[in-house]
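Given the structure is predicted, the values throughout are model-derived calculations rather than measurements. Indexing begins at 1, ligand by ligand and atom by atom, following the structure's order.
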Amino acid sequence: MKMVVAVVQDKDAPRLSNALVQEGIRATKLASTGGFLRAGNTTFLIGVEDEKVEDVMRIIRSNCRVRDQLVTPVSPMDGTTDSYIPYPVEVQVGGAAVFIIPVDRFEHF
Ligand code: 2BA
Ligand code: 2BA
């Protein structure tokens with residue numbers, strides 16, 4: 001079994017959620033915050049049998065879009081703080097950041 005951890009944009013979360021339910025795949029949604037943008041995103045925990053992992057990846061891929069976002073970083077991106085003037089930069093936000101973690105044991109009481 002694997003735990004698929006997928007950080008997705010809030011805009012894509014309802015669609016992804018519906019698609020997973022439609023395909024009979026169980027998941028838990030957590031409200032999360034991106035460390036860089038400090039804006040809300042959604043983290044899906046999806047526990048699945050190994051042979052379903054590729055199905056999950058396909059569902060995530062087809063329901064999550066890459067978007068460009070203009071942001072004004074609250075601190076300098078190069079780490080220096082001297083005479084820092086914040087200016088907007090464009091960043092490309094995934095799609096999804098997906099981690100696949102082996103599950104030692106799954107119990108359901
Ligand atoms: P929910 O997804 O809100 O599911 C609540 C209950 O609805 C489930 O209880 C199950 O009895 C039923 N259910 C869920 N998905 C279904 C489906 N596709 N078809 C038919 N019935 C479905 P539990 O299985 O005890 O799960 C309780 C909560 O634990 C779930 O809330 C979910 O947040 C989490 N969970 C369960 N299995 C998970 C998994 N494999 N990966 C991640 N989270 C899981
Ligand atoms: P955020 O941390 O808010 O990052 C949003 C986007 O900003 C990132 O998109 C990336 O394009 C850019 N970005 C992030 N950190 C940066 C930095 N230090 N310098 C320049 N640009 C930076 P994605 O890579 O698609 O990530 C979207 C969200 O997925 C992230 O939100 C974070 O919540 C999560 N994420 C991405 N990689 C992760 C990782 N390795 N571990 C845990 N969470 C991760």
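For atom 2 (O) of ligand 1, a protein non-hydrogen atom is found at a distance below 4.0 Å. Protein heavy atoms are found inside the 4.0 Å sphere centred on atom 24 (O) of ligand 1. The nearest protein heavy atom to atom 37 (N) of ligand 1 is closer than 4.0 Å. In this structure, atom 20 (C) of ligand 1 is in close contact with the protein, since a protein heavy atom lies within 4.0 Å of it. Put simply, atom 9 (O) of ligand 1 has no protein non-hydrogen atoms near it, under 4.0 Å away. Of the protein's heavy atoms, none falls inside 4.0 Å of atom 6 (C) of ligand 1. Distance remark: protein heavy atom present below 4.0 angstrom from atom 16 (C) of ligand 1.
Between Phe36 and ligand 2, a contact under 3.5 Å exists for at least one N or O pair. Where the criterion is an N or O separation shorter than 3.5 Å, residue side chain and backbone included, Gln92 meets it with respect to ligand 2. For Gly35, a nitrogen or oxygen atom sits less than 3.5 Å from a nitrogen or oxygen atom of ligand 2, counting backbone and side chain alike. On a distance-only criterion, Met3 and ligand 1 share no N/O pair closer than 3.5 Å.
Taking CG of Leu16 as the start and OG1 of Thr42 as the end, the distance is 9.0 Å to the nearest 0.5 Å. Considering CG of Asp55 and CD of Glu49, their distance stands at 12.0 Å, rounded to 0.5 Å.
Distance alone, capped at 3.5 Å, is enough to place a donor-acceptor pair between the Ser32 side chain and the Asn41 backbone. For Asn63 (side chain) and Asp12 (main-chain N/O), no donor-acceptor pair under 3.5 Å exists by modelled atom type. Between the Gln9 side chain and the Arg65 main chain, a donor and an acceptor come within less than 3.5 Å of each other.
Environment of NZ in Lys2: crowded, with over 12 heavy atoms of neighbouring residues, nucleotides or ligands closer than 6.0 Å.
Closest of all the heavy-atom pairs between Met3 and Val103 is N-CG2, 3.4 Å. Between Ala27 and Ile46, the closest heavy-atom pair is CB-CG1, 3.8 Å. Counting all heavy atoms, side chain and backbone alike, Arg15 lies closest to Ser62 at NH1-O, 4.3 Å. The shortest non-hydrogen separation linking Val48 to Met1 is O-CG, 3.2 Å. Between Cys64 and Gly95 the shortest heavy-atom distance is CB-O, 3.2 Å.
Looking at Glu49, Arg26, Met1, it is Arg26 that brings a heavy atom closest to atom 39 (C) of ligand 1.
Counting heavy atoms closer than 4.0 Å to ligand 2, residue Val7 contributes side-chain atoms (C-beta onward) but none from N, CA, C or O. Here Val71 has no heavy atoms under 4.0 Å from ligand 2, in either its backbone or its side chain. Contact annotation: for Thr28 versus ligand 1, heavy atoms closer than 4.0 Å belong to both the backbone and the side chain.
Distance from atom 18 (N) of ligand 1 to its nearest protein heavy atom, with residue and atom name: Gly24 CA, 3.8 Å. Ranking protein heavy atoms by distance to atom 41 (N) of ligand 1, first place goes to Gly47 N, 2.9 Å. Protein heavy atom closest to atom 42 (C) of ligand 1, with residue, atom name and distance, is Leu45 O, 3.2 Å.
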**OP:** Check the pair Phe44 / Ile60 against side-chain contact (heavy atoms from CB on, under 4.5 Å), numbers first and verdict last.
**Re:** CA-CA 10 Å; Phe44 281 81; Ile60 294 172; over 6 Å; no
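Heavy-atom proximity to Gly94, at under 4.0 Å, picks out these atoms of ligand 2: 9 (O), 23 (P), 25 (O). The Ala27 neighbourhood of ligand 1 comprises atoms 2 (O), 32 (C), 33 (O), 42 (C), 43 (N), with distances under 4.0 Å to a heavy atom of that residue.
By the 4.0 Å heavy-atom criterion, Gly95 is excluded from the residues contacting ligand 2. At least one heavy atom of His108 sits less than 4.0 Å from an atom of ligand 1.
One hydrophobic cluster, built from ILVMFWY side chains closer than 4.5 Å, cannot hold both Val5 and Leu20; they sit in different ones.
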